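Here the structure comes first, spelled out in structure tokens, and everything after it is commentary.
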Amino acid sequence: MSVSVQQADFDAGAEIAALSAGRDDVGAVASFVGLVRADKAARVGADGTAAVQAMTLEHYPGMTENALQEIVTQAEARWELLAVRVIHRVGRLLPGDRIVFVAVASSHRGDAFAACEFIMDYLKTRAPFWKKEETPAGGRWVDARESDDHAAGRWDAGK
Amino acid sequence: MSVSVQQADFDAGAEIAALSAGRDDVGAVASFVGLVRADKAARVGADGTAAVQAMTLEHYPGMTENALQEIVTQAEARWELLAVRVIHRVGRLLPGDRIVFVAVASSHRGDAFAACEFIMDYLKTRAPFWKKEETPAGGRWVDARESDDHAAGRWDAGK
Amino acid sequence: MTVKILFFAGLREALGTGTEALALPDGVATAGGLRDLLAARGDPWSALATTRNLRVAVNQQMVGLDAAVKSGDEVAFFPPVTGG
Amino acid sequence: MTVKILFFAGLREALGTGTEALALPDGVATAGGLRDLLAARGDPWSALATTRNLRVAVNQQMVGLDAAVKSGDEVAFFPPVTGG
């Protein structure tokens, strides 16, 4: 497993390929890319312009990396995984920019899909990152969403 | 949506990037890559050598493409999707080679994950492809697995 | 007018052919009826009766063996699919 | 020995600082006690009492406000996380 918190962009295709490179036991790689949405409707852009012009991601150096490692370790305990890669960007990003990448390699697709979604759900609620949006009306810190707590909570119910 | 059945390999990173290129409403791209496993333990390779040396994929030209399109249309009816890409290779492939690619773009990750897994589950049971493995003991057509029927059946239960 | 019949994968190999054009005889009106007609030819055609979970598509749509078949249709027989 | 205190995101902005070193006074033995001590300084520190669903980490582990705090610890206060 490998976890990175970085300002730089990443190459999803190269990361996916790296998980199965040089081995013949990987049958499935499930992956996820999260991107900055302009989020037209939901916010202040009633004039139809893109409401979110940019976004700055803050983290807690040290703890953030440890929290991501711990989430991956939990996933490895729950499913049969062969390799895991997590990348989360920090700093200022624009609409359309990639924010987060999670990829999970397994022999079987069920384990790969479940672990990939589990890692994203836990990352959303347990890894110390915070987003501040720049909008025409000024900066605003993004509120945590109950739907994310709900998504993470599903895994506790022994789904 | 776009569906391809082809002999050529594909570039997962370029395909993922294409789903959100030039737009700012994509927040999530869930994707899946399926690969040829050597499948050491399960088959005839009791001497420890890789049991599956190669694999040939056959399809039903015309029907296969239509079946994939229909599966994607069903996914688009069930979830809010912005773009879908499906690629399935045919012909002779070696262990470690990519077989199948599914990527789904949505505003939200829940829809992207669910639709991506749904498409893979339906593809496994409803799209006319057949695998023949080459092993030290000769060629053998892969048997359909009950676990795949079960995986596809989950979606009928209104999960 | 004939029926175009296709065979795939292990079934195609067992029969030694991937396609056949056949004038539909009187009394054969379903995919299952067509399957029985072909299987009655004896070896290797009996593979159509013995293939486990034989699947059938009429005009490129998966259907049950009770589905209607008429002249001009494309009928395909194959084992359960194993792609992905 | 002091406690190293960190603040993040909107809380950091509200307080105008991201870090502070504080000698832990007698009688403050939990993260909640430390939070109350700081919030009692008045504006802008009362943000520590009014931040909705305030989170706390002691030595980089998320804990409850009843978690023990002692000299030498690193204690961080922040709003609910919004990464991903």
Side-chain angles (χ1 to χ4, degrees), chain A residues 10-17 19-42 50-53 82 94-110 112-114 116-118 120-121 124 145 147-148 150-151 154 159, chain B residues 10-17 19-42 50-53 82 94-110 112-114 116-118 120-121 124 145 147-148 150-151 154 159:
Chain A
F10 52 82
D11 178 340
E15 298 291 346
I16 290 170
L19 293 193
S20 64
R23 58 195 301 173
D24 59 15
D25 54 347
V26 171
V29 179
S31 65
F32 180 83
V33 175
L35 303 112
V36 180
R37 281 191 296 147
D39 227 344
K40 288 184 173 61
V52 176
Q53 299 165 320
L82 296 170
L94 301 177
D97 281 353
R98 285 174 277 270
I99 305 173
V100 62
F101 177 76
V102 175
V104 175
S106 175
S107 294
H108 303 290
R109 76 182 184 286
F113 271 119
C116 188
E117 192 166 10
F118 169 92
M120 272 307 303
D121 286 346
K124 280 263 177 188
R145 297 192 312 170
S147 61
D148 286 329
H150 175 75
R154 286 183 304 162
K159 181 205 169 193
Chain B
F10 51 82
D11 178 339
E15 298 291 346
I16 290 169
L19 292 193
S20 64
R23 58 195 301 173
D24 59 15
D25 54 347
V26 172
V29 179
S31 64
F32 180 83
V33 176
L35 304 112
V36 180
R37 280 191 297 146
D39 226 346
K40 288 184 174 61
V52 176
Q53 298 164 323
L82 297 170
L94 301 176
D97 281 353
R98 285 173 276 270
I99 305 174
V100 61
F101 177 75
V102 175
V104 175
S106 175
S107 295
H108 302 290
R109 76 182 185 286
F113 271 119
C116 188
E117 193 166 11
F118 170 91
M120 273 306 304
D121 286 347
K124 280 260 176 190
R145 297 191 313 170
S147 62
D148 287 328
H150 176 74
R154 285 183 306 161
K159 180 207 170 191

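Each chain gets a letter, A, B and so on, in the order the sequences are listed, and its residues count up from 1. Note: hydrogens, waters and symmetry copies are ignored here, and every other heavy atom, side chains too, is used. For clarity, every value in this text was computed on a predicted model and none was experimentally measured.
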Contact leader toward chain A among B:Gly96, B:Ala30, B:Ala103, where contacts are heavy-atom pairs under 4.5 Å: B:Ala30

Heavy-atom side-chain proximity of B:Leu19 to B:Val26 below 4.5 angstrom: no

Region of A:Ser20 that comes under 4.5 Å of a non-hydrogen atom in chain B: side chain

A:Leu94 side chain near A:Val36 side chain, heavy-atom distance below 4.5 Å: no

Closest-packed option against chain B by number of heavy-atom pairs under 4.5 Å, given A:Ala17, A:Ala151, A:Cys116, A:Ala105: A:Cys116

Student check: side-chain heavy atoms of A:Phe32 and A:Val104 closer than 4.5 Å: no

B:Val100 versus chain A, the contacting section by heavy-atom distance below 4.5 Å: neither

Inter- and intrachain pairs under side-chain hydrogen bond (donor to acceptor under 3.5 Å, both in side chains), touching residues 97-107 of chain B, at least two apart: B:Asp9-B:Arg98

Partners meeting salt bridge (Lys or Arg N to Asp or Glu O under 4.0 Å) with A:Arg109 (sequence neighbours left out): B:Asp121, B:Asp148

Option in A:Ala21, A:Gly27, A:Ser147, A:Gly22 with maximal non-hydrogen atom pairs under 4.5 Å from chain B: A:Gly27

